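Below: the structure, in structure tokens.
Computed from a predicted model, the values in this text were never measured in an experiment.
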Amino acid sequence: MQERWLPVWDDLAPFRSGRPDDVRPKKYVLDMFPYPSGDLHMGHAEAYALGDVIARYWVQKGFNVMHPIGWDAFGLPAENAAIKRGVDPGEWTYANIAQGLSSMRRFACSFDWDRVFNTCDPDYYRWNQWFFLQMFRRGLAYRKDSAVNWCPNDQTVLANEQVVGGLCERCDTPVTKKKLTQWYLRITDYADRLLEDMEQLQGQWPDKVLLMQKNWIGRSQGAEVEFVIEGREQPVTVYTTRPDTLYGATFFVVAADFDLAAELAAGTTVEAEFADYVEKVKHESEMDRLDSSRAKTGVFLQRYAINPVNGERIPVWASDYVLADYGTGAIMAVPAHDQRDLDFARTFGLDVRVVVGGAEDPSITGEATADDGPHVNSGPLDGLDKADAIVAITQVLADRGTGRPATNYRLRDWLISRQRYWGTPIPIVHCPSCGEVPVPDDQLPVVLPPAAGLDLKPKGQSPLGAATDWVNTTCPNCGEPALRDTDTMDTFMDSSWYFLRYADPRNDTAPFDPALVREWLPVDQYVGGVTHAILHLLYSRFFTKVLFDMGMLDFTEPFSRLLNQGMVVMDGSAMSKSRGNLVRLSDELAVNGVDAIRLTMVFAGPPEDDVDWAEVSPSGSKKFLARAWRLSGDVTSAPGVDVTAGDHELRKLTHKAIRDAEMSVESFRFNVAVARTMELVNVTRKAIDSGVGPADPAVREAAEAVAIMLSLVAPYTAEDMWSRLGHAPTVALAGWPVVDPALLVEESVTCIVQVAGKVRERLEVPPGIGEDELRTMALGSPGVVKALEGRGIRTVIVRAPKLVNIVPE
RNA sequence: GCCCCGGUAUCCCAACCGGCAGAGGAAACGGUCUCAAACACCGUCCAGUGUGGGUUCAAAUCCCACCCGGGGCACCA
């Protein structure tokens with residue numbers, strides 16, 4: 001069947017979306033684009049089977065559906081292959097892309113092949129550079145020196161989002177910290193909008209993803225409070241969410257790796273001890289730091305801070321439990337009401353003072369209390385509850401000019417520099433006299449130098465640095481000798497706007513024509529794994545807002561609706577070679593065929609659930625498809641026969657199945673839609689063998705409906721059925737059958753009659769029966785009379801036409 | 001530790017606003033076809049919905065507590 005239909009489809013190109021004379025309304029269905037790893041695997045098969053159901057459904061419903069595909073083609077695997085086997089990363093990538101495309105064709109993906117592009121093409125990454133420079137000019141791209149996440153295995157820095165539980169997202173190596181000057185995008189400027197615009201996505205995206213993004217952005221409300229440090233001119237500001245506990249502050253902590261700590265330690269007797277401590281902290285991995293069961297460490301800096309509300313002298317400590325890059329890098333410690341502060345206080349024998357009453361003494365229990373309650377030991381705040389105390393103290397601080405309300409975010413700016421080869425070069429020239437100079441737009445793209453002759457081995461510095469001819473250039477500003485920036489961009493840059501490029505993939509004068517983007521976007525339906533709940537989806541939302549501000553877009557959210565598909569697992573755990581539970585897609589396709597594998601993926605369960613390959617039955621799918629296919633050979637009436645003359649009962653079942661399938665697809669219950677199709681196949685089989693017979697027009701109607709319903713999932717089988725039923729290709733454009741509402745009306749309904757909740761009688765009643773009539777009928781029915789046996793009746797609940805419940809005395 | 005999601009037959013899964021617990025599939029078993037088997041076809045088997053309480057005429061569905069599984073966050077002041 002594959003050999004028969006693939007060339008026909010190539011010829012008809014049913015999923016081409018770019019015809020200028022196409023009057024159908026538009027819809028944009030998008031699958032997250034893949035990394036070109038070579039052959040497709042089981043995960044791809046599931047993702048594309050699901051995306052295809054949606055895309056093909058909307059085509060059947062008469063929409064001009066754009067369902068594009070492309071390749072997220074920059075990234076480490078190409079480079080690692082180059083290092084290991086000496087192949088050129090570009091050649092490796094393009095060979096994989098070619099293989100991937102041919103697998104997709106065989107898998108019968110309904111992609112628009114005219115829109116394919118690869119992010120590693122200079123025609124594409126040129127616009128990464130252009131966007132970067134636009135942001136640079138707007139102050140949204142900047143360079144700073146900071147302690148960054150460092151993966152010792154990949155020898156490159158990582159964004160915060162790419163550190164998962166202290167491990168590198170790519171290779172699971174424990175991440176360490178390194179002080180480096182790197183490029184950042186100011187995503188934190190958009191924190192509030194990223195949060196607030198989620199309202200548009202409510203109900204359209206999985207709640208889980210919205211929640212994860214909300215937590216990741218981590219907005220918190222509190223106050224900044226200034227503390228004078230003895231012997232220092234400038235006061236030090238701290239951020240706290242509990243300014244009401246200010247009277248309970250008994251010490252002060254500065255992040256050990258923050259410059260302020262070194263400054264305060266300078267000239268004290270503990271300077272050497274502090275230096276040792278900082279050295280130790282620096283060598284700690286992110287994993288160790290995140291271990292909250294770990295004992296608190298720190299150094300008393302021999303300095304004192306003055307509590308602005310009561311003038312108390314409190315000792316200043318340096319510790320690694322305070323983070324340099326959150327808030328202000330320094331905190332007031334209130335051990336009675338913060339567990340971390342309490343742990344620290346108990347380790348070093350510092351005072352604990354309860355200021356929110358009622359609780360047991362935390363210094364004895366070891367449990368800090370976070371309850372609300374009347375304040376004590378807090379001067380003017382005594383007796384107030386938490387909310388009132390916060391208002392009161394914030395006012396006091398504001399009046400004295402030593403504090404103010406403040407908002408903080410967990411979100412950090414997006415670190416985009418990478419010290420690797422296979423990515424987009426950062427289009428900046430470093431000039432000894434002009435500084436950071438953007439490469440002029442007319443000199444873009446800054447094309448990667450050839451990999452040949454470069455040592456791509458990770459060594460902590462970009463391999464581009466060794467491409468002498470490439471690095472040495474002249475300053476676009478003053479013309480003097482200057483050096484190119486040698487880092488490449490995070491590949492998440494590439495994926496942050498690719499969905500826009502599909503609308504206009506060959507544009508060579510702009511990233512896209514805003515008019516075309518306005519026609520197609522935002523994406524009506526996005527399909528992809530939940531692994532990108534924060535990473536790609538957050539960055540894309542950020543990019544969209546920036547481009548909106550630049551006037552290039554007229555919407556602020558890129559993906560109107562999101563479906564997260566699950567993973568394909570084996571015996572409950574992720575497939576991997578090391579576990580020895582890898583199922584090869586090519587093997588499965590060879591044994592059961594494309595259609596059966598696609599059907600198995602879709603039928604396995606709700607799309608967001610994982611598919612456990614040990615629990616599903618591709619051979620069962622294959623059998624079902626054969627059963628369905630056989631129907632097409634049994635129909636003896638001619639195409640175009642008047643179906644209204646067909647058997648009424650079968651027609652009703654057919655139309656009900658179509659309606660149910662359509663509602664199921666629209667609410668993502670694809671497994672249910674398949675079940676409805678199976679039901680229809682079963683009743684049609686019966687009609688042919690032992691019912692109205694193969695010549696009844698209703699049998700043709702049912703078989704054709706089966707072919708169209710199956711075309712969403714099993715394109716080969718459906719096409720072949722369609723042809724055997726006497727139609728020209730392609731079934732993909734046959735159009736979804738129109739449901740006749742008259743055939744959905746039930747002539748009678750079974751009404752159940754309960755006595756005390758137990759079913760005692762079933763009545764066949766017209767659907768429009770009135771309550772009173774039904775009540776009378778029910779009360780007079782023999783089953784009810786018997787069940788009541790002379791008992792009185794307390795209440796009768798009537799829910800016409802389906803239910804009557806009689807409650808006896 | 002905190003926050004989400006889930007728990008229905010041997011297994012995977014359905015069940016709309018609370019209204020007969022079963023749509024579909026897998027497995028198993030029996031039968032028809034066959035020299036036999038496979039295929040195909042027909043049929044059978046199987047739970048009172050994790051546990052305990054509550055609300056209701058009525059709970060898989062709503063509420064509370066707990067158990068189990070999965071996921072997210074986690075020294076963010």
Under the rule for side-chain contact (heavy atoms from CB on, under 4.5 Å), what residues qualify as partners of A/Arg775, not counting sequence neighbours? A/Glu771, A/Asp772, A/Leu779, A/Val796, A/Val798

Quick one: A/Lys622 NZ to B/G25 C1', roughly how many Å, whole number? 17 Å

If you check every side-chain atom of A/Lys208, which of B/A77, B/C75, B/G71 has the closest atom? B/G71

Take atom CG of A/Leu599 and atom C1' of B/G24, then tell me their distance rounded to the nearest Å. 11 Å

Got a sec, which residues hit side-chain contact (heavy atoms from CB on, under 4.5 Å) with A/Thr531, two or more places apart in sequence or on another chain? none

Along RNA chain B (nearest heavy atom to each residue), the more 5'-positioned of A/Gly329 and A/Thr795: A/Thr795

Minimum-distance nucleotide (side-chain atoms of A/Glu679 versus B/C57, B/G24, B/C41): B/G24

Nearest to the A/Asp320 side chain among B/G72, B/C75, B/C4, which nucleotide is it? B/C75

With sequence neighbours excluded, residues passing side-chain hydrogen bond (donor to acceptor under 3.5 Å, both in side chains) with A/Ser667: A/Arg669

Mind listing the N/O atom pairs, protein and nucleotides 11-21 of chain B, below 3.5 Å?
| from | atom 1 | to | atom 2 | distance (Å) |
| --- | --- | --- | --- | --- |
| B/C12 | O2' | A/Ala604 | O | 3.2 |
| B/C13 | O3' | A/Asn671 | ND2 | 3.4 |
| B/A15 | OP1 | A/Arg669 | NE | 3.4 |
| B/A15 | OP1 | A/Arg669 | NH2 | 3.4 |
| B/G19 | O6 | A/Arg799 | NE | 3.2 |
| B/G19 | O6 | A/Arg799 | NH2 | 3.3 |
| B/G19 | N2 | A/Asn805 | ND2 | 3.3 |
| B/C20 | O2 | A/Arg762 | NH1 | 2.4 |
| B/C20 | O2 | A/Arg762 | NH2 | 2.7 |
| B/C20 | N3 | A/Arg762 | NH1 | 2.9 |

Rounded to whole angstrom units, what separation is found between the CE atom of A/Met601 and the P atom of B/A26? 18 Å

When A/Phe252, A/Phe344, A/Tyr277 are each screened for ring pair (Phe, Tyr, Trp, His ring centres under 6.0 Å) with A/Trp317, the one that passes is A/Phe344

Side chains of residues 325-336 of chain A: which donor-acceptor partners sit under 3.5 Å, not counting sequence neighbours?
| from | atom 1 | to | atom 2 | distance (Å) |
| --- | --- | --- | --- | --- |
| A/Asp325 | OD1 | A/Arg412 | NH1 | 3.0 |
| A/Asp325 | OD2 | A/Arg412 | NH1 | 3.0 |
| A/Tyr326 | OH | A/Ser220 | OG | 3.4 |
| A/Thr328 | OG1 | A/Thr237 | O | 2.6 |
| A/Thr328 | OG1 | A/Ala330 | O | 3.3 |

Using a heavy-atom cut-off of 4.0 Å across all strands, would you classify A/Ser319 as base, sugar-phosphate, or nothing? nothing

Name the closest nucleotide to the A/Lys623 side chain, picking from B/A40, B/C75, B/A23. B/A40

Closest to the side chain of A/Arg410, out of B/G43, B/A77, B/A74, is B/A74

Classified by glycosidic angle (syn within 90° of 0, else anti), B/G70 comes out anti

Contacts of A/Pro606 that satisfy side-chain contact (heavy atoms from CB on, under 4.5 Å) - sequence neighbours left out: A/Glu608, A/Asp609, A/Asn671

Using the glycosidic torsion, which applies to B/C41: syn (within 90° of 0) or anti (everything else)? anti

Look at all strands and tell whether A/Val530 reaches a base, only sugar-phosphate, or nothing, counting heavy atoms closer than 4.0 Å. nothing

When rounded to the nearest 0.5 Å, the distance separating CG of A/Asp612 from CE of A/Met570 is 7.0 Å

Starting at the 5' end of RNA chain B and moving along, which residue's nearest nucleotide shows up first, A/Arg242 or A/Arg627? A/Arg627

